[in-house]
Amino acid sequence: MIQKIKGTMDILPDETPLFRYIEGIMREEAERYGFGEIRTPTFENTDLFVRGVGDTTDVVQKEMYTFTDRDENRSISLRPEGTASVARALIEHGKCVDTMPQKYYYIISCFRHEAPQAGRSREFFQFGTEMFGADSPAADATSISLAASVIRRLGLTNVKLHMNSIGCKECRPQYRDALVSYFSKYKGELCETCNKRLETNPLRLLDCKSKICSEIAKGAPKTLDHLCDKCKNHFDSLCQYLDAMNIEYTVDPTIVRGLDYYTGTVFEFIAEGIAAQSTVCGGGRYDGLVESLGGPALSGIGFAMGLTRIILAMKQLGTDKVEIANPKLYIASLGDKAALKALEIAERLRRQGTFVECDIMGRSLKAQMKYANKLNAEYTLIIGDSEVESGKAQLRDMKNGTQEELELDSFTI
Ligand code: ATP
Ligand code: MG
């Protein structure tokens with residue numbers, strides 16, 4: 001028996017309605033904020049992610065699904081996230097010189113070779129938005145407001161916004177030095193990965209999940225104390241906007257984000273009461289990304305929300321139940337002539353857009369009625385030889401048991 005690959009999932013028809021409900025809200029909200037849907041390829045040149053996501057990140061170093069293409073000796077990767085592809089498409093289609101801001105959203109699957117567990121899989125689903133060309137704190141506030149409104153509409157009262165600023169080209173190097181000199185004192189205690197990070201990407205040390213490292217990180221210098229005036233004003237002003245918009249947040253110096261392209265504002269929406277994999281959404285500003293991919297200097301801000309993590313947070317509140325559509329009518333039939341008539345009626349009603357089921361299993365009448373109940377059909381119609389002959393039958397309302405006679409060839413429901 002061949003089974004699915006570890007870390008992937010089948011989503012069966014009893015679960016897809018929940019996914020569709022969530023996706024529907026995401027699409028609706030994104031479009032209300034003026035974001036247009038973009039679809040980019042599932043795989044790209046590996047270089048795009050090496051440059052876009054960053055070659056010192058875990059995603060690029062350890063998690064990417066990379067292979068050599070068959071017809072050309074080039075390296076291809078399944079997308080581990082969506083932002084780099086959207087930035088590439090923006091440049092490739094000349095949108096960098098179009099009217100700003102450029103606003104895009106997507107619902108995609110991403111691929112990362114991680115240790116599978118609840119809320120962490122190797123193929124996972126993201127709702128993401130990207131806004132290019134708007135530098136103002138009002139743009140940050142708009143992006144955050146969109147994420148918050150999706151979370152609000154999903155009823156996720158257990159999910160809270162955490163924000164930080166990690167500075168820009170001007171102030172980051174100085175902060176980086178402060179971090180390196182702080183963490184260097186603990187070289188012997190840090191985990192192996194963090195000892196490497198100390199040289200390649202010291203900001204990532206703040207993100208380490210190991211107990212000792214996160215304990216040491218608590219005493220580390222805070223980005224907010226090292227921001228240049230421009231970054232500081234930007235962040236203060238963002239806070240003012242969110243206050244005015246009535247969007248709750250916590251300033252949280254531990255938020256640094258896993259990908260290299262972030263600058264300035266970074267944020268996460270975290271589900272309270274879920275121990276691991278509690279970050280349902282991560283985002284921030286990435287003002288250097290477009291330029292680093294060969295485009296003009298163009299600012300950007302965006303976020304990505306993990307669908308399975310959203311579902312975990314909904315499950316915690318018990319709000320993960322959505323209605324599954326049930327048939328309007330079940331047509332039971334007895335005998336060949338009646339079966340023919342049943343399918344004829346079903347066809348006529350289906351062409352009118354009605355959800356109709358009828359017997360195609362040759363079941364007994366009793367078994368058909370049992371099945372109609374299982375399907376939770378609103379109405380049933382029983383057709384035998386005499387109904388075929390008279391052209392009339394009784395329509396039964398399954399909720400209150402009332403019956404009504406109708407003309408088989410012309411009734412609508
Ligand atoms: P984490 O710290 O949990 O690994 P990340 O920083 O790697 O997250 P991002 O790259 O920012 O995550 O992705 C945005 C969102 O996508 C995350 O907040 C999460 O909801 C979701 N996500 C990321 N990786 C996975 C995964 N392997 N399985 C399921 N969802 C994921
Ligand atoms: Mg990760």
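Counting begins at 1 with the first residue of the sequence. Both counts, for ligands and for their atoms, begin at 1 and track the order of listing. Computed from a predicted structure; not experimentally measured.
- Defined by atom type and a distance below 3.5 Å, a donor-acceptor pair is present between the side-chain atoms of Thr46 and Ser75.
- Scanning the protein for heavy atoms near atom 1 (P) of ligand 1, the closest one is Arg120 NH2, 3.6 Å.
- Ser299 and Asp135 share a donor-acceptor pair across their side chains, judged by distance under 3.5 Å alone.
- The N/O atoms of Arg112, backbone and side chain alike, include one that comes under 3.5 Å of an N/O atom in ligand 1.
- Among all non-hydrogen protein atoms, the one lying nearest atom 16 (O) of ligand 1 is Gln126 NE2, 3.2 Å.
- Atom 8 (O) of ligand 1 has its closest protein heavy atom at Arg309 NH1, 4.3 Å.
- Any N or O atom pair closer than 3.5 Å counts here, and Gly306 shares at least one such pair with ligand 1.
- Judged by distance alone, the side chains of Tyr241 and Ser145 never bring a donor and an acceptor atom under 3.5 Å apart.
- Judged by the 6.0 Å distance and 45° axis criteria, Arg27 is not positioned over the aromatic ring of Phe127.
- Proximity of Gln277 to ligand 1 is not established, as no heavy-atom distance is less than 4.0 Å.
- Between Lys209 and ligand 1, no N or O atom pair is found at a separation short of 3.5 Å.
- Of the N or O atoms in Thr308, none lie within a sub-3.5 Å distance of an N or O in ligand 1.
- The nearest protein atom to atom 18 (O) of ligand 1, hydrogens excluded, is given as Thr279 O, 3.2 Å; this is a heavy-atom distance.
- Using bins of under 30°, 30° to 60° and over 60° for the plane-to-plane angle, the ring pair His226/Tyr175 lands in the tilted bin.
- Between Glu130 and the choices Tyr106, Tyr105, Tyr104, the side-chain hydrogen bond (donor to acceptor under 3.5 Å, both in side chains) rule is met once, by Tyr106.
- Closest to atom 23 (C) of ligand 1, if we only count protein heavy atoms, is Phe124 CE1, 3.6 Å.
- The protein heavy atom nearest to atom 28 (N) of ligand 1 is Ser121 N, 3.0 Å.
- Arg309 pairs with exactly one of Gln126, Gln277, Met314 by the side-chain contact (heavy atoms from CB on, under 4.5 Å) rule, that one being Gln277.
- Close contacts between ligand 1 and Ala304 involve ligand atoms 14 (C), 15 (C) [criterion: under 4.0 Å to a heavy atom].
- Of all protein heavy atoms, the one closest to atom 9 (P) of ligand 1 is Arg257 NH2, 3.6 Å.
- If you look at Val280 next to ligand 1, the close heavy atoms, those under 4.0 Å, all belong to the backbone.
- Contacts of Glu114 with ligand 1, taken as heavy-atom pairs under 4.0 Å, involve the side chain alone.
- Checked by atom type, the side-chain pair Thr402/Asn400 shows a donor-acceptor distance below 3.5 Å.
- Remark: Arg74 does not engage Asp47 in a salt bridge, criterion side-chain N to carboxylate O under 4.0 Å.
- Contacts between Cys281 and ligand 1 below 4.0 angstrom, taking non-hydrogen atoms only, involve the backbone exclusively.
- Taking the six-membered ring for Trp and thresholds of 30 and 60 degrees, Tyr186 and Tyr182 have ring planes inclined between 30 and 60 degrees apart.
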